[in-house]
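Before any comments, here is the structure.
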Amino acid sequence: MALQSRSSSLSYDVFLSFRGEDTRHGFTGHLYSALHSKGIHTFIDDEGLQRGEEITPALVKAIQESKIAIIVLSINYASSSFCLHELATILECLMGKGRLVLPVFYKVDPSHVRHQNGSYEEALAKHEERFKAEKEKLQKWKMALHQVANLSGYHFKDGEGYEYKFIEKIVEQVSREINPACLHVADYPVGLEWQVRQVRKLLDIGSDDGVHMIGFHGMGGVGKSALARAVYNNLIIDEKFDGFCFLENVREKSNKDGLEHLQRILLSKILGEKDINLASKQQGSSMIQSRLKEKKVVLILDDVDKHEQLQAMVGRPDWFGPGSKIIITTRDKQLLAPHQVITTYEVKGLDEKDALQLLTWKAFKKEKADPNYVEVLQRAVTYASGLPLALEVIGSNLFEKSIKEWESALKKYKRIPKKEILEILKVSFDALEEEEKSVFLDLACCLKGCKLTEAEDILHAFYDDCMKDHIGVLVEKSLVVVKWNGIINMHDLIQDMGRRIDQQESPKEPGKRKRLWLSKDIIQVLEDNSGTSKIEIISLDFSSSEKEAIVEWDGNAFKKMKNLKILIIRNVKFSKGPNYFPDSLIALEWHRYPSNCLPSNFNSNKLVVCKLPDGCFTSIGFHGSQKKFRNIKVLKFDKCKFLSQIPDVSHLPSLEELSFERCDNLITVHDSIGFLNKLKILSAKGCSKLRTFPPLNLTSLENLQLSYCYSLENFPEILGEMENIRGLLLNHLLIKEFPVSIQNLIGLQYLHLSCRNFQLQSSIFTMFNLNIFSAKNCKGWQWVNSEEGEENMGSILSLKNGEFDVQYCDLYDDFFSTGFTQFAHVETLCLDGNNFTFLPECIKEFKLLRSLFVSNCKYLQEIRGVPPKLKSLHAINCISLSSSSSSMFLNKELYEAEKISFCFTGATIPKWFNQQSRGPSTSFWFRNEFPDRVLCLIITPLDFWNLMGRATPLVFINGKLQELMIFQPIDTEYTMLELDHTYLFDLSKVCIIDDMFEVALEKEWNHVEVTYVGLIETSLVKATGIHIFMDEERRMDDIQFDDPYRKRKLDHVLNSSESQQLVKNHRLWSWVGPERIKILLRNIADGALSTNAERRYMHNSVNTSCLSCDALEETCLHALRDCPKVAAVWRSVLPLELEVKFFNIDEVTLWLERNLSFSVDWATKFGFAVEVIWESRNEIDLLDPRASSPIYMIMMIIIRYEDFIRAHPSHKLMMRDHIQPCSSDHLFKWRPPVDPWLKLNVDGAIDPCSKTAACGGIFRDYSGRFVLGFSVKLDMEYFCSFDEAEIWGVYHGIKIARQYDFGKIVVESDSAKAIRFVQDGCPTYQQHSFPLCHELRALTLSATNYLDWSLIYREGNMAAASFANFGLSMNQRAWIFSACPTFCAPFVDV
């Protein structure tokens, strides 16, 4: 739910504190005005509020309900006791809650405020005289002045610049901190994040070059408005704009209140002015243009349906300042282009996964539903077809309903769709013209799934030539979709809406409707002979889910339907054939037609489309005069198993499509078929007994299908030039060669063959337009020269810049001596799966060749040259390839000029590579701009090359996963190869690097990680590497391969005098308190604390963020001090003297030194506080939900500290300086068990980003050697914390120990709660842990003599942690390792 809108109960954005006499009518007044003009809700007291010495409850409330406080510290600020009291209250109320306090030193030296010098010293001296009896109050004021002076703020000096520019800087920072109020996107914004990323790219975020306008279009209820709100929130959070405005429901509000009202809202929102008067929309347009032309704005117009709305508010892009982003949502795409909205984004329905997730959230208010509901949920998802509106309505209506109620409701929805859904969808229908409505109803009721060309032919009789325009309007308004293959489609619910509208014509008498489509209505009309002349369209189609019906009729039902024009019948049996068809019939489609002929009295002059598949015809001859069928354009007799011949069809001059596919007994085809001048599509595919095909002279033919005619021995003669056939697929034929006349296919561009023993004549390649030749499995291939001397034709052949593809055709070395050089101008050469032993030296002369495929050429030993422009090489599974040939492709010069993707056998990383790694990940750091080219390498025995010829690693920049260029399914299975393979590829070929403002900070070092963790078994990654190429203008100084921050930090720590003192005085080892805390403090000082940032750096995690506050990076100081919950704890226990500097130290070692050296009492309490906070960080769970609350932590610090004091009275908390430091290795490293025991270490892992959890463990013996390891992916439904994941690890570990009969086991965990849970007998009151309680209890109680328990610090449990983290990346449920995997090797003695 990452896009969920943020809400706040705070009343004010900013609270202004100032000395009225100094700045009210000057600086503070101007600052307030600037904040207000930006729409920042600012509290400024009126002059009547500052009465008396004490601040009022109303003022305290205003402070408490402000996000930011700005303190204007002027020359006389401290002279007011009221101001000082207000300042102390602000610091107490706001800083304790982690809010921003911003000091502004207005003509005052900050040091005077910090040390109370100058006017501040004089003012405080007067207060001391006045408040002699209230020294505590005076001390509080002094501390407040000291504290606010140490905060980062702004200093204005006389003569150093313009005051208005100084104010602009303050307002700019406040704007960034505040952000405009985010909009509520949706209760459950599923599937929006990736769409927001797509839109950001289209808007060219980060660029101020011009105004960017984009139109969202799509059907009603698909989520256009939700996406617009999500993009709006994204922009106001991340970007700097001068104004924002989201105008909702433009269609509805403009009709109700007029366009002037919307123009006033727009201007008011962006300019921050309340009273804007407009006399007309023309004046409003003029004001928008004049007032906003210099402003960089975000403007969203939601639900636009008329041109005048756009003209009134976004007439032209130049109405707004450079960098402005304008988004328009509409159902009508045709509105956009006339207003220069060139960029459009079609909002489509949710995919099945997201649809199921949204429905589950809406219906069950949680991520996963009861498994018993899976089937009914899937049916609901199918019904909604990805429409968010429908999913939300269904989910809300069926909340907490039983499965039976779900099933009943879904049946009802199919019969009578929900009113809430139909009303929204009907808005688009209501906006149509009358004839457009009629076309829509025709398509919705009867012609969905029909080819566009056929629909146009059929509907032409109704609407003449206007029909094409009408369909175009329906497409633009998102009511109809024409798919890539020309099929008309529409959303199921839009179809339901159309059918419901159509039923209203005559609800109770279907025979009096224009369209009949409901099965029961049609059967009733046919069996009762109750049809009338009003019926024009019948579409009877029993879906596969309905029981097939048999229509018992007398065959005369069509007599009364004098105006019937369209008759479609599918999946229905009839007791007999029809006796009569009306002469008005335009389209006839009847599957399994129940007769071997059409009615003899049928006058078919108007018939245009005739489809009679799966019938019992023996011939396609018609009774009566054949001239009756002169207007027929489409004729199909597919799957007519009794059809044995195609007779004379010369009487069908208008025929454009003729198909008789899969007619198993078809033997002959009449020659007249080859002279139909208008024929565009001719298909005889799958006619297995057809031996010959007549000559063709079809000037209009575009598509010829002859594949799978297994008996066809000859390709038809081409009698004249035919220029419209672009491609030929000839699979599984008996033909041996092409006739010379194939040269008459002058437009042929693509030719594919799959025929055995084929003799290919080289003359085929003289065809001028032939661009792609493909042959696969042509065993017995023979190359034949058409004429003597033709072997020297060379480069005059075609395929220039094209593709020559001959796979698995049993080609041997002699292939290269018979005309291979004729293909010297191809761009793609594919020779996969052949038997040659070398690629000849002439391959170097293929100067245009960019892609070379020789995979599975198992006898290939040599590649004797590299084409000069080669960009892609696939030589997978070439097991005989020599090392010298492989080494050619490791030449650095090949990669310097081009972005290349190579794969071949071998396992060598070139010495010239910048970075090499033996693990599954490699990384580097960059600053300023992302490198021009990053060459990646991986060595693995897997076929790790996807369908587009690119390896697909995961790429993280500063912890953010980048978008892959190509979709790689998570559960992709890779083929294991016989040998190791080297893959080299340019990073930009597989990954879309986001704009740097999204992933990087200017002039900061940014971390890039390329990893295969989570994609493949990491033990199968033998090595990875990176090499970076830079252009001449950029230097390698901007690239580093070691962490620049770690190096800088280490240098700082080692050279710090305080750090040296920390080491020299052994302050850690002389600390008074439990040894366990001393070890924890030592680990903190050594940088060995396993925060998420550190785990990410060590490749043990994919998440760097804080689990408590969602900060982007959980550093050591963030986890122990700066997290808002933790900071609140410290402020409650800190000594007053430490408050000022406690949070200002940015080096953890210096922070430790400062606190451990302050006082003996505080040093001890500090140690306990660090322990409690670190425990709380690792125990955020529902086993004990109090663990992460500040109150609970404060209580535990006090209890542990006081218990220690009572237990050690003789120590008097003296520092033990005489104690010498000792080796700490045995204190926090893993220790082996006593022989013959084994030790089982377990751990749990959670990745909040991907919402996955896992557990893992490792068994080791008394010598520390690896015995067994395991990783298990957990069901999210049954866990909510690291501890519960760890408990599952204990359960699976003990179960495996029993299974392998390991005997005595010491179970060791870094979770005290997990150990306590098991030792307490696995109590079942913890609801989330209930599923494993009984089994775990049974396992432990039955083995009390063979189990022992031990607690270890997290730093000593890294081996188990590696197995748990591997579990997060697995595709399968569980994995047992009998040998130590690579990811664990650094932590164990193998």
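- No hydrogens or angles considered: a donor-acceptor pair under 3.5 Å links the side chains of Gln705 and Asn703.
- Summarising the geometry, atom CG belonging to Leu479 is positioned 12.5 Å from atom CD1 belonging to Ile471; distances are rounded to the nearest 0.5 Å.
- Contact check on Asp442 versus Arg515 returns a salt bridge, with a Lys/Arg side-chain nitrogen under 4.0 Å from an Asp/Glu carboxylate oxygen.
- In this structure, Leu666 CG and Phe660 CZ are separated by 6.0 Å, a value rounded to the nearest 0.5 Å.
- For the atom pair Glu436 CD and Cys466 SG, the distance stands at 10.0 Å (nearest 0.5 Å).
- Not counting sequence neighbours, the partners of Lys534 by the side chain to side chain contact (heavy atoms under 4.5 Å, CB included) test are Lys512, Thr532.
- Listed by chain and number, the residues in a side chain to side chain donor-acceptor pair (under 3.5 Å) with Glu721 amount to none (sequence neighbours excluded).
- Asp648 and Ser672 are linked by a side-chain donor-acceptor pair at a separation below 3.5 angstrom, with hydrogens and angles left out of the test.
- Gln334 is listed as a side-chain neighbour of Lys477, based on a closest heavy-atom distance under 4.5 Å.
- Residue Lys348 places its NZ atom among 12 or fewer non-hydrogen atoms of other residues, nucleotides or ligands, all under 6.0 Å distant.
- Side-chain N/O atoms of Arg513 and Ser506 include no donor and acceptor closer than 3.5 Å.
- Within 6.0 Å of the CD atom in Glu352, the count of heavy atoms belonging to other residues, nucleotides or ligands does not exceed 12.
- Under a 3.5 Å cut-off, the side chain of Lys514 and the backbone N or O of Ser438 do not form any donor-acceptor pair.
- For Phe642 and Phe617, the ring centers sit 6.0 Å or farther from each other.
- Two residues are said to be in side-chain contact when any heavy atoms from C-beta on lie closer than 4.5 Å; Asp302 and Ile327 fail this criterion.
- Taking both residues in full, the closest heavy atoms of Leu336 and Gly215 are given as CD1-CA, 3.8 Å, listed atom of the first, atom of the second, then distance.
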Exercise. Going through the checks in order, is the side chain to side chain contact (heavy atoms under 4.5 Å, CB included) test met by Leu335 and His307?
Worked result: CA-CA 6 Å; Leu335 291 177; His307 288 284; 3.5 Å; yes
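- Between Val608 and Ile632, the closest side-chain pair of non-hydrogen atoms is not below 4.5 Å.
- Judged by distance alone, the side chain of Lys253 and the main-chain N or O of Gly258 form no donor-acceptor pair under 3.5 Å.
- By the 4.0 Å N-to-carboxylate-O rule, Lys448 lies close enough to Asp492 to be salt-bridged with it.
- Residue pairs meeting the side chain to side chain donor-acceptor pair (under 3.5 Å) criterion with at least one member in residues 675-687, sequence neighbours excluded, are Glu661-Ser683.
- Residues Leu301 and Val314 share a closest heavy-atom pair of CD1-CG2, 3.8 Å.
- In this structure Phe558 satisfies the ring-ring contact (aromatic ring centres under 6.0 Å, His included) test together with Trp553, Phe581, sequence neighbours excluded.
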Problem set entry | Arg499/Trp517 under side chain to side chain contact (heavy atoms under 4.5 Å, CB included): CA gap, chis, key distance, verdict | CA-CA 8 Å; Arg499 289 182 165 185; Trp517 47 267; 3.2 Å; yes
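- Within 6.0 Å of the NZ atom in Lys606, the count of heavy atoms belonging to other residues, nucleotides or ligands does not exceed 12.
- Rounding to the nearest 0.5 Å places CG of Leu567 at 9.0 Å from CD1 of Ile522.
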For this session: Evaluate side-chain hydrogen bond (donor to acceptor under 3.5 Å, both in side chains) for Ser595 paired with Lys576, printing each intermediate quantity in order.
Result: CA-CA 7 Å; Ser595 176; Lys576 60 177 296 185; over 6 Å; no
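- Heavy-atom contacts from other residues, nucleotides or ligands closer than 6.0 Å to CD of Glu308 number more than 12.
- A side-chain donor-acceptor contact under 3.5 Å links Asn724 to the backbone of Thr699.
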Problem set entry | Working for side chain to side chain contact (heavy atoms under 4.5 Å, CB included), residues Asp554 and Asn529 | CA-CA 9 Å; Asp554 60 9; Asn529 284 339; 3.1 Å; yes
For this session: Would you sort out whether Val304 and Arg251 count as a side chain to side chain contact (heavy atoms under 4.5 Å, CB included), showing the intermediate values?
Result: CA-CA 5 Å; Val304 171; Arg251 172 180 55 84; over 6 Å; no
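- With hydrogens and angles left out, the side-chain atoms of Arg630 and Ser604 include no donor and acceptor closer than 3.5 Å.
- For the pair Gln309 (side chain) and Asp305 (backbone), a donor-acceptor distance under 3.5 Å is present.
- The ring-ring contact (aromatic ring centres under 6.0 Å, His included) search around Trp590 returns Phe574, Tyr593, not counting sequence neighbours.
- The side chain to side chain donor-acceptor pair (under 3.5 Å) pairs that include a residue from residues 635-647 are Lys636-Glu657, Asp638-Ser659, where partners are two or more places apart or lie in different chains.
- Applying the salt bridge (charged side-chain N to carboxylate O under 4.0 Å, His left out) rule to Glu433 yields no partners; only residues at least two apart in sequence or on another chain are considered.
- Contact of the Leu635 side chain with the Leu652 side chain is registered, since non-hydrogen atoms from C-beta on lie closer than 4.5 Å.
- Side-chain atoms of Asp502 do not come within 3.5 Å of backbone N or O of Gly498 as any donor-acceptor pair.
- Between the side chain of Thr329 and the main chain of Asp303, a donor-acceptor pair closer than 3.5 Å is present.
- For His470, the side chain to side chain donor-acceptor pair (under 3.5 Å) test picks out Glu435, with sequence neighbours left out.
- Atoms OG and CD1, on Ser428 and Ile494 in that order, are 7.0 Å from each other to the nearest 0.5 Å.
- Looking at residues two or more places apart in sequence or on another chain, you find no side chain to side chain donor-acceptor pair (under 3.5 Å) involving His339.
- Side chains of Glu589 and His591: a donor-acceptor N/O pair is present below 3.5 angstrom, by distance only.
- Between the side chains of Asn631 and Ser654, no donor N or O sits under 3.5 Å from an acceptor N or O.
- Within the 4.5 Å cutoff, the side chain of Leu227 has heavy atoms near those of the Tyr345 side chain.
- Applying the ring pair (Phe, Tyr, Trp, His ring centres under 6.0 Å) test to every pair with at least one member in residues 416-444, sequence neighbours left out, gives these pairs: Phe429-Phe440.
- With sequence neighbours left out, the side chain to side chain contact (heavy atoms under 4.5 Å, CB included) criterion links Lys559 to Asn556, Tyr580.
- The side chain to side chain donor-acceptor pair (under 3.5 Å) search around Asn603 returns Asn605, not counting sequence neighbours.
- Formation of a donor-acceptor pair under 3.5 Å by the Ser584 side chain with backbone atoms of Leu564 is found in this model.
- Looking at Glu454 and Lys611, a side-chain N of the basic residue comes within less than 4.0 Å of a carboxylate O on the acidic one, giving a salt bridge.
- For the pair Ser533 (side chain) and Met561 (backbone), a donor-acceptor distance under 3.5 Å is absent.
- Of the N and O atoms on the side chains of Ser254 and Lys306, not one donor lies less than 3.5 Å from an acceptor on the other residue.
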